[in-house]
Asks: 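Below is one structure. I have some questions about it.
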Amino acid sequence: MNFDENIDRRGTHCSKWDMMEPLYGLSSDDALPMWVADMDFRPPAAVQQALERMLRHGIYGYFGDEAAYREAICWWMANRHGWQLDPATIFTTHGLVNGTALCVDTWTEPGDVVALMTPVYHAFARVVRGGGREVRELPLVQQDGRYRMDFDSWDERMTGREKMLILCSPHNPGGRVWTLEELRGVADFAARHNLILVSDEIHHDLVFPGQRHIPMTIAAPEAAERLVMMTASTKTFNIAGAHIGNVIISDEKLRNAFARRHQALGISPNSFGMHMVTAAYSPEGAEWVDDLVRYLDGNRKAFDAGIAAIPGLRSMPLEATYLAWVDGSGAGLSSEEFITRVEKEARIATNHGQTFGLGGDGFLRFNFACSRAMIDEAVSRLQAAFSDLQ
Ligand SMILES: Cc1ncc(COP(=O)(O)O)c(C=O)c1O
């Protein structure tokens, strides 16, 4: 796989490139899209071949018999994450934002509160609030430049109205791979406050060398009666348009409750996604992911070195994900000025920190899952835009 290839995605109805003009006022003729979390890479050949088989056959009816699909998921989790799971505990949803919304709908009522460790992936708060629930923000603290959990202060913030906690593991946007101790702390916190614990592990395959992701179900098996696991192949293999994800629930009571909502809302699988995921979760897919992570690691290093050369800017050291979380506050610029320089001078579209909740203001999130040439271009544009600070 040649990750260096620049593939022109413009004019393909892709959000990342084609929505830059309407959302940021930046033309894709010369601006760089480093915002929404998908990659500028083609998926493994096995995925393309699965789609080609469908195209050649040419009939696109309802999907049937999920056995191979479920087996592929179980194979992947066992081989890549040391997690043995029962195929009967898997629900297929239309992605994990949909999975999150279904969890909120199943275990909370309008007016209830859902706790989030902020700053965190913005869609969590969007679906919680969209469903008429409130968000309790539990701010992560920075220690040695990385996010840490602060259970004592979080205990004080809780009011008794919270019904659910959504964990992002690995963490978007801070790039943390939570340790066993931290994960066990989360499970204890959820037990102390009697919360359903939803663990979104969509970034679990995109972990840099030297780090090891631990699935929450392995870290805290005693939390099973309150635990809902969410995983997906879509970030890993860059197939987010397939809109497919897994909600995995080992506890029977929780599983029955979720099954009722899943059925009530008429959710059934999209055959394209099913074929793509089955093909991706394979030895060939695994080899591709290993290559991908090596390439992303190179991008991460090149991008971080470029940012480190700009006085006052700092990229949080990432342990996972392809999303650099850059703090501009040390440059003495307001968040508006920081955004203006990046968007108007460097002509780069990023995600704005304040959309990630408490603690996000002053940061910008840069997606570096693109060719190395684009990273080099982004770095030189940023260095020029902040040259007065050099
Ligand atoms: C933590 C997290 N969950 C979910 C999603 C999106 O999931 P989906 O595309 O399956 O709805 C993202 C996308 O960036 C994410 O970072």
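Quantities reported herein were computed from a predicted structural model and do not represent experimental measurements. All ligand and atom numbering here is 1-based and tracks the order in the structure.
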Asks: Flag the pair Y69 / F63 as yes when their ring centroid distance falls below 6.0 Å, and as no otherwise.
Replies: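 No, they do not, as the ring centres are separated by 6.0 Å or more.
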Asks: Could you tell me how the ring of F303 sits relative to the ring of F366: parallel (under 30°), tilted (30 to 60°) or perpendicular (over 60°)?
Replies: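 Because their plane-to-plane angle lies in the 30° to 60° range, the rings of F303 and F366 count as tilted.
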Asks: Do Y147 and W178 have ring centroids that are under 6.0 Å from one another?
Replies: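 Between Y147 and W178, which both carry aromatic rings, the centre distance is not below 6.0 Å.
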Asks: For S199 and E201, run side chain to side chain donor-acceptor pair (under 3.5 Å): C-alpha distance rounded to whole Å, both residues' side-chain angles, the deciding distance at 0.1 Å, then the answer.
Replies: CA-CA 6 Å; S199 189; E201 306 194 3; 2.6 Å; yes
Asks: Around ligand 1, what residues show up once you keep those with a heavy atom under 4.0 Å from it?
Replies: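 Its neighbours under 4.0 Å (heavy atoms only) are A37, G95, L96, V97, Y121, C168, N172, D200, I202, H203, K235, given by chain and number.
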Asks: Report the relative orientation of the aromatic rings in H204 and H213; use parallel for angles under 30°, tilted for 30 to 60°, perpendicular for over 60°.
Replies: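 Aromatic pair H204/H213 classed perpendicular.
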Asks: Per the ring pair (Phe, Tyr, Trp, His ring centres under 6.0 Å) rule, which among W325, Y121, F363 passes with F356?
Replies: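 So, applying the ring pair (Phe, Tyr, Trp, His ring centres under 6.0 Å) to F356 and each of W325, Y121, F363, only W325 qualifies.
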